[in-house]
Amino acid sequence: MSEKYLLTTALAYTNGPLHLGHARSTYIPADIMKKYLKLKGKDVIHVGGTDNHGVPITLTAEKEGVKPEDIVNKYHNEIKRDLDNLNVEFDSYGKTHSDIHIETAQEFYLKLKENGYIYEKEIEQFYCPKCDRFLADRYVEGTCPFCGGEARGDHCEVCGRHLEPTELINPYCINCNTTPELRKTTHRFFKLSALSDDLRKYVESSDMPEHVKNMAYSWINELHDWDISRDIKWGVPIPDSENQVMYVWLEAPIGYISFTKQLGDVWRDYWLKKDSNENENNNYNTKDVKIWHFIGKDITVHHSVFWPGMLIANGEYNLPSSVISGGYLTLEGRKMSTSKKWVVWVDDFVKYFDSDYLRYFLMVNAPLNRDCDFSFDEFQKRINTELIAIIGNFTHRALVFSHRKFKAIPVVDEENLKDEDKELINKCKETVEKVDKHIMEFNFKDAIMDIIHLAKEGNNYFQKMEPWTVEDENRLKEILYTCAVVVKHITYLLYPFMPNKTMKLLDLMNEELDLEIRGNDLKKPKVVFTKIEDDQIKMVKEKLLKSEDANEKRKEKNKIKRNEKGDSMDLISIDDFAKIELRVAQILEAEEVPKSKKLLKLIVDIGDEKRQVVAGIKGHYEPAELVGKKIVLLCNLKPAKLCGVESQGMVLAAGDEVVALLTPDKDVPVGSKIC
RNA sequence: GGGACCGUAGCUCAGCCUGGUUGGAGCGCUCGGCUCAUAACCGAGUGGUCAAGGGUUCAAAUCCCUUCGGUCCCA
């Protein structure tokens with residue numbers, strides 16, 4: 001049976017471009033899955049687009065004095081550019097502010113109404129008499145009734161509580177500061193509460209991971225009806241109501257359907273139920289189509305409860321098989337924040353690094369459902385010591401050697417291979433199975449680790465076989481053939497993660513994206529996996545993290561230190577202090593440590609002996625001005641080598657940006673103990 | 001305020017559901033070897049009061065409770 005797969009990615013909101021967090025939680029994982037399924041010959045499409053409605057966009061438009069459409073178009077284009085740069089492929093990419101979507105959403109709504117899931121109710125809403133309009137939640141600010149802090153609409157900035165805007169103390173219209181009044185308005189409601197039993201059955205039969213199911217259940221137990229009307233102009237008009245548009249969470253997910261429709265009639269094969277009685281058998285898990293929604297963890301409940309609820313109520317469509325919710329990305333250990341400019345935009349990042357490196361790092365550094373930290377140092381480390389040193393080096397050494405000896409990959413009869421060759425080829429096959437299992441379970445990190453293990457086996461084999469000492473040409477061919485098989489497997493399995501790099505490797509090999517060896521001539525091997533140099537990381541950090549506020553950084557640093565220690569100030573006893581031997585020392589010689597940016601080598605006199613110590617004060621002191629200075633030295637520190645130079649103690653100094661050596665206030669003899 | 005998830009080697013993570021051989025992997029670090037290769041490779045070694053406290057049990061990283069720290073959600 002040929003299974004169909006429909007992958008969707010969360011619709012990007014058009015009030016900004018994409019940052020690394022979007023890439024990590026949603027788009028890269030979906031694209032990896034898409035590329036992998038395609039590689040396996042599956043029928044798979046990836047559908048996505050942008051979410052163009054909602055209040056934040058109208059706020060941005062008002063602030064900039066332009067039309068909402070202008071904001072939407074600008075960011076729609078930027079988001080698509082970013083996705084292209086990340087090599088994320090779509091079969092269809094749309095906008096919710098498009099005719100096909102508006103039409104689809106309205107039809108969907110009318111079907112809900114026809115099925116009896118829509119009703120009207122009069123409610124009270126804030127209305128600004130001066131602006132002459134109803135105020136959406138975000139247009140009202142005031143004081144939080146719980147903590148007295150400043151609250152924006154439905155959320156308190158201080159205590160983080162969720163609020164009803166009508167609970168606010170001293171509410172005001174953010175546009176004109178006028179105190180809004182409550183006015184009656186008739187809203188449409190979606191009868192979500194009627195769907196509890198169906199939803200419970202659906203979630204149970206779905207392939208969602210346990211933690212998603214648990215969250216869904218806790219919501220399903222306390223469902224209430226959904227207010228789906230908004231008294232604003234920007235949005236999808238509710239067909240049977242004047243001056244109202246649909247709540248974005250009602251219409252946006254319908255985009256998954258409308259954007260699939262852009263592909264033409266095939267959309268029906270993915271979305272429309274084959275058997276309209278299917279749900280009656282309590283079997284919501286369709287066998288012939290897998291619909292997988294890739295999303296960020298913040299919108300899990302919308303995709304595991306509200307959206308399936310809409311689909312059940314509508315009755316015409318297949319339900320999602322699973323919801324893959326990606327964890328958040330922190331930047332250098334801190335939450336990303338676009339308002340605080342603590343963020344790395346995709347567009348900036350790809351100016352400096354191959355997007356393949358980003359794809360690799362973001363998938364290998366943490367499992368998908370967990371939060372992941374992006375730090376430039378960690379990024380460099382993982383790329384250089386893992387990807388390049390293991391995978392990059394193996395593929396390169398194998399190709400270079402084959403090229404030098406035969407100008408091609410030698411093809412031999414596998415039957416005649418020696419046991420150790422066959423064993424390695426078997427490992428390749430085993431790896432294909434393991435990687436397949438991991439990818440199909442969305443364990444991308446484990447999949448990559450298995451590829452690394454295979455490359456390690458390859459390196460191991462190469463080392464043991466010592467092809468550079470092998471005189472027998474036939475044997476050499478067998479060894480290099482075996483290596484080529486490994487390279488081919490690595491390339492194949494790595495392709496979904498790193499499409500650019502693997503295609504370059506295949507080009508050097510004159511090979512196709514499969515597991516065969518054709519024995520074609522090799523091109524002159526070039527280094528495909530290039531190293532990330534220290535200078536490059538330093539430069540990029542300065543460019544991309546420069547918006548960082550120095551105070552924030554310091555605060556964060558202190559916070560991290562506190563967390564490490566468990567408390568802000570751990571108390572020690574006098575006995576603990578007695579363990580530390582501090583003495584007054586005099587600097588006799590000072591010189592720079594070559595190859596180091598921060599270190600000076602000092603020879604100091606501590607009274608009864610001379611010590612060599614290395615201090616990180618280069619740039620803060622000239623070697624010449626140090627000679628003769630009396631300083632404080634920690635004498636009983638375990639010796640350590642810094643940049644290859646032994647240090648027998650530690651010079652005490654204070655400060656971060658300005659560094660000052662500690663010196664005795666009065667002249668005391670060299671070697672004096674400090675206590 | 002309510003709910004969900006997370007806290008395991010210097011770093012990033014497995015293991016926990018279904019308690020029971022010496023708690024694993026990659027990186028790092030130390031030592032030794034090698035040179036085909038991007039100062040890359042190979043081998044050996046190093047390293048953990050499994051957040052803290054309490055409980056259940058013959059036995060707990062694993063089950064239960066509390067506390068602390070982190071994250072997300074509240075239509």
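Just the heavy atoms: all of them, side chains too, but no hydrogens, waters or symmetry mates, feed the values below. Keep in mind that this is a model prediction, so the values were computed, not measured.
Within the 4.0 angstrom heavy-atom criterion, only backbone atoms of the sugar-phosphate kind lie near A:Y247; the bases stay farther away. Residue contacts shown for A:I452 are absent, as no nucleic acid heavy atom lies under 4.0 Å away. Within 4.0 Å of A:H224, counting heavy atoms only, lies at least one base atom of the nucleic acid. At the heavy-atom level, A:L399 lies nowhere under 4.0 Å from the strands shown.
With B:rU38, B:rA37, B:rC41 as the candidates, the nucleotide lying closest to the side chain of A:F529 is B:rU38. With B:rU38, B:rC72, B:rA25 as the choices, the nucleotide that has an atom nearest any side-chain atom of A:D298 turns out to be B:rC72. Of the candidates B:rA40, B:rC72, B:rG26, B:rG26 carries the atom nearest the A:I390 side chain, counting heavy atoms from C-beta on. The nucleotide whose nearest atom lies closest to any side-chain atom of A:S218 is, among B:rG3, B:rU38, B:rC27, B:rG3. Of the candidates B:rC72, B:rA37, B:rC74, B:rA37 carries the atom nearest the A:R404 side chain, counting heavy atoms from C-beta on. Nearest nucleotide to the A:K456 side chain, out of B:rA37, B:rC72, B:rG26: B:rG26. Among the nucleotides B:rC36, B:rU38, B:rG26, the one closest to the side chain of A:F462 is B:rC36. Comparing atom distances between the A:N459 side chain and each of B:rC27, B:rC41, B:rG3 picks out B:rC41 as nearest. Residue A:K297 places its side chain closer to B:rU71 than to any other of B:rA37, B:rC42, B:rU71.
B:rA61 and B:rC16 have their P atoms separated by 14 Å, given to the nearest Å. For the C1' atoms, the distance linking B:rG32 with B:rA51 amounts to 38 Å, nearest Å. Nucleotides B:rG69 and B:rU18 are separated by 31 Å at their P atoms, to the nearest Å. Rounded to whole Å, the separation between the C1' atoms of B:rG24 and B:rC64 comes to 27 Å. Nucleotides B:rU62 and B:rG54, compared at atom P, are 14 Å apart to the nearest Å. Between B:rG1 and B:rC63, the distance separating the two P atoms is 28 Å to the nearest Å. One P atom belongs to B:rC29, the other to B:rC36, and the distance between them is 25 Å to the nearest Å. Comparing the same atom, C1', in B:rA4 and in B:rG26 gives a spacing of 31 Å after rounding to whole Å.
A:F379 pairs with exactly one of A:F349, A:Y352, A:Y360 by the ring pair (Phe, Tyr, Trp, His ring centres under 6.0 Å) rule, that one being A:F349.
Look at B:rU38: it lacks any Watson-Crick or wobble partner with both distances under 3.5 angstrom. Pairing for B:rC17 is absent, judged as Watson-Crick or G-U wobble with the two contacts each under 3.5 Å. Across all strands shown, B:rU22 forms no Watson-Crick or G-U wobble pair with both distances under 3.5 Å. B:rC5 is paired with B:rG70 under the criterion used here, namely a Watson-Crick or G-U wobble arrangement in which both key atom distances are under 3.5 Å. Base pairing analysis places B:rC63 opposite B:rG55; the two distances defining the Watson-Crick or G-U wobble pair are each below 3.5 Å. In this structure, B:rG43 and B:rC31 make a Watson-Crick or G-U wobble pair, each of the two defining distances being under 3.5 angstrom.
We find that CG of A:D534 is positioned 15 Å from C1' of B:rU38, with the value rounded to whole Å. One interatomic measurement links the two molecules: NZ of A:K504 to P of B:rU38, which rounds to 17 Å at whole-angstrom precision. At whole-Å resolution of the value, CG in A:D377 and P in B:rG28 are 15 Å apart. We find that CD of A:E164 is positioned 18 Å from P of B:rG1, with the value rounded to whole Å. Protein atom CG of A:N221 is 13 Å distant from nucleotide atom C1' of B:rA4, rounded to whole Å. Rounded to an integer number of Å, the gap from NZ of A:K526 to C1' of B:rA40 is 20 Å. Atom CD1 in A:I388 sits about 13 Å away from atom C1' in B:rA39, given to the nearest Å. Straight-line distance from the CZ atom of A:F394 to the C1' atom of B:rC42: 14 Å, rounded to whole Å.
Annotation: cation-pi geometry satisfied between A:K297 and A:Y328 (NZ/CZ under 6.0 angstrom from ring centroid, within 45° of ring axis). Annotation: cation-pi pair A:K501/A:Y357 present, NZ/CZ under 6.0 Å from the ring centroid and within 45° of its normal.
Nucleotides of RNA chain B nearest to A:K464 and A:F306 differ in position, and the one nearer the 5' end is that of A:K464. Mapping A:V528 and A:Y328 onto RNA chain B by nearest heavy atom places A:V528 closer to the 5' end of the strand.
Using modelled atom types and a 3.5 Å distance limit, the side chains of A:S241 and A:Q244 yield a donor-acceptor pair. For the residue pair A:H187 / A:E120, no side-chain donor-acceptor distance below 3.5 Å is found, with atom types taken as modelled.
For the pair A:K405 and B:rC36, the criterion of a side-chain N or O lying under 4.0 Å from OP1 or OP2 is not met.
Using a 4.0 Å cut-off between charged nitrogen and carboxylate oxygen, A:D377 and A:K541 count as a salt-bridge pair. With respect to A:E511 and A:K488, a salt bridge is recorded, a charged nitrogen being found less than 4.0 Å from a carboxylate O.
Here A:W468 counts as stacked on B:rC36: its ring centre is under 5.5 angstrom from the base ring centre and the planes meet at under 30°.
Once rounded to the nearest 0.5 Å, the distance linking CD1 of A:I448 with CZ of A:R382 reads 9.0 Å.
The heavy-atom pair separating A:A398 from A:F462 by the smallest distance is CA-CE1, 4.0 Å.
In summary, the aromatic rings of A:F189 and A:W226 are positioned with their centroids too far apart to meet the 6.0 Å limit.
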Q | Residue pair A:I295, A:T300: steps toward the side-chain contact (heavy atoms from CB on, under 4.5 Å) verdict | A | CA-CA 7 Å; A:I295 55 163; A:T300 303; 4.1 Å; yes
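For A:Q463 and B:rC36, a side-chain-to-base donor-acceptor distance below 3.5 Å is present, hydrogens and geometry of angles not being considered.
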Q. Can you give one letter per nucleotide of nucleotides 5-15 of chain B, going 5' to 3': B for a protein heavy atom under 4.0 Å from the base, S for sugar-phosphate only, - for none?
A. S-S---SSSS-
